[in-house]
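What follows is a set of notes on a single structure, which appears directly below.
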There are 2 protein chains.
Amino acid sequence: MAKKTHRIERRTDALSRERIVAAAIEILDSGGEGALTVRALAAHLATGSGAIYWHVADKGELLAAATDEVIARVMSEVAGGTKPREAIRAVALGLFDAIDVHPWVGTQLFREPWRPAMLEIIESVGGRLQALGVPHAAQFDSASALVHYILGVAGQNAANARVHAPDTDRSAFLTSVAAQWDALDPAKYPFVRQMATQLRDHDDRAQFLAGIDLILAGIGTVRSGGADEPPDAAPISI
Amino acid sequence: MAKKTHRIERRTDALSRERIVAAAIEILDSGGEGALTVRALAAHLATGSGAIYWHVADKGELLAAATDEVIARVMSEVAGGTKPREAIRAVALGLFDAIDVHPWVGTQLFREPWRPAMLEIIESVGGRLQALGVPHAAQFDSASALVHYILGVAGQNAANARVHAPDTDRSAFLTSVAAQWDALDPAKYPFVRQMATQLRDHDDRAQFLAGIDLILAGIGTVRSGGADEPPDAAPISI
DNA sequence: ATAGTATTGGAACGTCGTTCCAGTCCTGTC
DNA sequence: GACAGGACTGGAACGACGTTCCAATACTAT
């Protein structure tokens with residue numbers, strides 16, 4: 001009836017917001033945050049900068065869209081039907097691994113807190129906390145603690161990826177930082193020096209998970225301390 | 001004896017690394033991270049860019065030096081002789097307040113982990129954890145969890161300061177974000193929507209401290225779980 | 001076929017970090 | 001008190017960036 005032919009595709013290689021975001025993710029993954037320039041993106045897509053700006057407002061929106069896309073992909077993958085506690089660990093590990101592959105995401109997560117990426121993380125963690133039986137009064141603080149911890153690790157991993165060459169592996173990087181820690185003044189930095197050895201041999205991923213468990217244990221003390229729910233007996237399990 | 005007159009001062013308004021870093025902090029505090037350009041800095045100091053680059057390698061070093069300076073100031077202020085647990089809370093709150101005043105520090109902390117700023121934070125938190133009686137095997141993971149949580153909050157606060165105009169107060173900002181959360185699809189974001197009200201009325205600082213307490217509580221379960229130390233009876237108190 | 005809109009590619013603008021360099025200041029030596 | 005030489009300064013200039021502008025082209029509806 002009406003005349004709305006509803007966007008017939010132009011030609012197969014036509015530019016689109018999706019294609020631009022996908023190309024941006026490719027560049028970010030292979031060259032890091034510094035490699036994503038509008039010129040590089042235009043070259044990658046064999047077009048000009050004007051064409052890109054017709055589909056995307058500015059570089060910030062591009063980075064935000066790329067981040068949302070990566071996070072949304074992670075969150076849909078870790079859906080799982082396990083117990084709440086395991087689900088929280090799975091979500092956290094999924095985020096850790098995603099940022100390991102796309103370090104730039106760790107930086108971008110610190111953007112506007114109402115962006116889809118951030119909302120999905122809060123919802124995913126918070127929803128599982130409810131399922132765990134955390135009393136209502138403690139839910140906000142508990143979710144905040146978990147999410148901020150995850151953000152902190154994410155940002156740190158992104159920074160680490162930024163500072164060392166993309167080809168050097170993690171163990172070589174840790175060894176060099178550990179050596180710097182070990183060379184510190186023992187009078188000024190006794191604790192850091194003691195940790196140097198453990199730093200060299202430690203596993204980032206396992207330590208991240210240990211932090212999650214530590215926070216969950218802390219949340220557990222709140223729950224058993226003053227709540228009326230029986231431990232581990234929440235009816236819902238997402 | 002020797003001819004080393006050891007740097008007699010030039011004239012009172014002479015440029016120096018310290019004066020440049022101090023000017024950079026002023027600009028960062030008043031105008032945010034985007035306001036610090038080499039040209040603005042040169043104008044502020046009534047000189048040219050070449051003169052600045054004679055004292056400072058590049059902008060990165062300048063930001064790192066400014067961050068180290070602010071953090072060192074905080075750490076010396078919160079020294080305190082209280083009990084370890086209170087000392088950790090004091091250090092954390094000191095960092096929170098410093099980043100509240102200098103939001104750009106929250107971004108810069110995610111730099112090289114061997115910079116003085118980061119080392120001082122790790123040492124300060126870790127040393128107090130030892131004093132608390134945390135068993136050696138758990139010290140590294142515990143310090144890591146606390147520091148990463150602090151970093152996460154710092155980064156988030158820095159991002160918030162970046163996004164809203166410097167004159168709008170925190171409560172107005174929270175209200176606007178809470179409104180966005182409240183307008184979300186209840187089917188997709190049930191938890192976030194429930195938290196919208198609490199977000200509007202919550203106190204960032206108190207919630208930050210609640211997170212610290214949660215992690216400390218988690219660390220406490222490790223200590224009492226497998227260690228031989230009696231609770232709260234560590235002999236040393238920094 | 002033609003008019004009108006959607007989309008494109010690339011030139012051009014202003015700003016940034018950084019480098020370069022001619023000049024100036026200051027100090028130590030005679 | 002002249003002067004050589006290093007310390008230090010100020011600003012012009014360079015290349016790269018994000019963004020805007022616009023003539024040219026591709027496509028759609030009539």
Side-chain angles (χ1 to χ4, degrees), chain A residues 1-25 27-28 31-67 104 107-108 111 162-163, chain B residues 1-25 27-28 31-67 104 107-108 111 162-163:
Chain A
M1 48 170 72
K3 56 189 58 176
K4 50 176 311 195
T5 16
H6 211 40
R7 181 82 11 254
I8 296 175
E9 78 236 62
R10 258 170 107 84
R11 49 179 206 267
T12 47
D13 69 326
L15 229 44
S16 70
R17 193 184 145 97
E18 296 81 54
R19 266 180 31 98
I20 292 175
V21 170
I25 292 179
I27 294 177
L28 285 164
E33 333 192 24
L36 181 65
T37 70
V38 179
R39 275 163 241 266
L41 190 55
H44 194 88
L45 292 164
T47 180
S49 40
I52 291 174
Y53 277 91
W54 199 90
H55 294 275
V56 165
D58 56 19
K59 200 184 166 181
E61 186 194 310
L62 191 55
L63 282 163
T67 305
W104 50 272
T107 309
Q108 294 305 318
R111 296 283 164 187
R162 215 183 292 122
V163 69
Chain B
M1 47 173 76
K3 56 189 61 177
K4 48 176 314 196
T5 18
H6 210 40
R7 183 79 14 250
I8 296 174
E9 77 235 65
R10 255 169 108 85
R11 50 181 204 266
T12 47
D13 69 326
L15 228 45
S16 70
R17 192 186 145 96
E18 296 81 52
R19 267 181 30 96
I20 292 175
V21 170
I25 293 179
I27 294 177
L28 286 164
E33 332 191 26
L36 181 66
T37 69
V38 178
R39 276 161 241 266
L41 190 55
H44 194 88
L45 291 164
T47 181
S49 40
I52 291 173
Y53 277 92
W54 200 89
H55 293 276
V56 165
D58 56 20
K59 201 184 167 185
E61 186 194 310
L62 191 55
L63 282 164
T67 305
W104 49 274
T107 309
Q108 294 305 318
R111 296 283 166 189
R162 216 182 292 124
V163 69

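The structure displayed is predicted, hence computed values, not measured ones. Each chain gets a letter, A, B and so on, in the order the sequences are listed, and its residues count up from 1.
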For the student: nearest non-hydrogen atoms of A:Ala51 and A:His55, plus distance = O-CD2, 3.3 Å
message = Between P on C:dA11 and OH on A:Tyr53, what's the gap in Å once rounded to a whole number?
response = 17 Å
key: Between C:dA22 (P) and B:Trp54 (CH2): distance, integer Å   = 19 Å
key: Atom-pair distance (CG on A:Asp58; P on D:dC17), nearest Å   = 17 Å
key: Main-chain N/O of B:Val56 paired with B:Arg17 side-chain donor or acceptor, under 3.5 Å   = no
query = What's the CD1-P distance between A:Ile20 and C:dT7, to the nearest Å?
reply = 11 Å
message = In this structure, how many angstroms lie between the P atom of D:dT20 and the CD1 atom of A:Ile52, rounded?
response = 14 Å
query = What closest approach, in Å, do A:Val38 and A:Ser49 show between heavy atoms, and which atom pair accounts for it?
reply = CG1-CB, 3.7 Å
task = Rounded to the nearest angstrom, tell me the gap between atom NZ in A:Lys59 and atom P in D:dA16.
result = 15 Å
request  = Classify the nucleic acid contact of A:Leu45 as base, sugar-phosphate or nothing, counting any heavy atom under 4.0 Å across all strands shown.
outcome  = nothing
Closest-nucleotide ordering on DNA chain D, the 5'-leading residue of B:Ser49 and A:Ser49 = B:Ser49
message = Distance check needed: C:dT18 P versus B:Glu61 CD, whole Å only.
response = 11 Å
inquiry  = Check the phosphate of D:dA7 against B:His55, side-chain N and O only, distance under 4.0 Å to OP1 or OP2. Yes or no?
reply    = no
task = For A:Ala46, answer base if it contacts any base atom (sugar-phosphate contacts may also be present), sugar-phosphate if it contacts only those atoms, and nothing otherwise; contact means non-hydrogen atoms under 4.0 Å.
result = sugar-phosphate
query = C:dC16 P sits how many Å from A:Arg39 CZ, rounded?
reply = 16 Å
note = Scanning both residues in full, the closest heavy-atom pair of A:Val21 with A:Ala65 reads CG2-CB, 3.9 Å
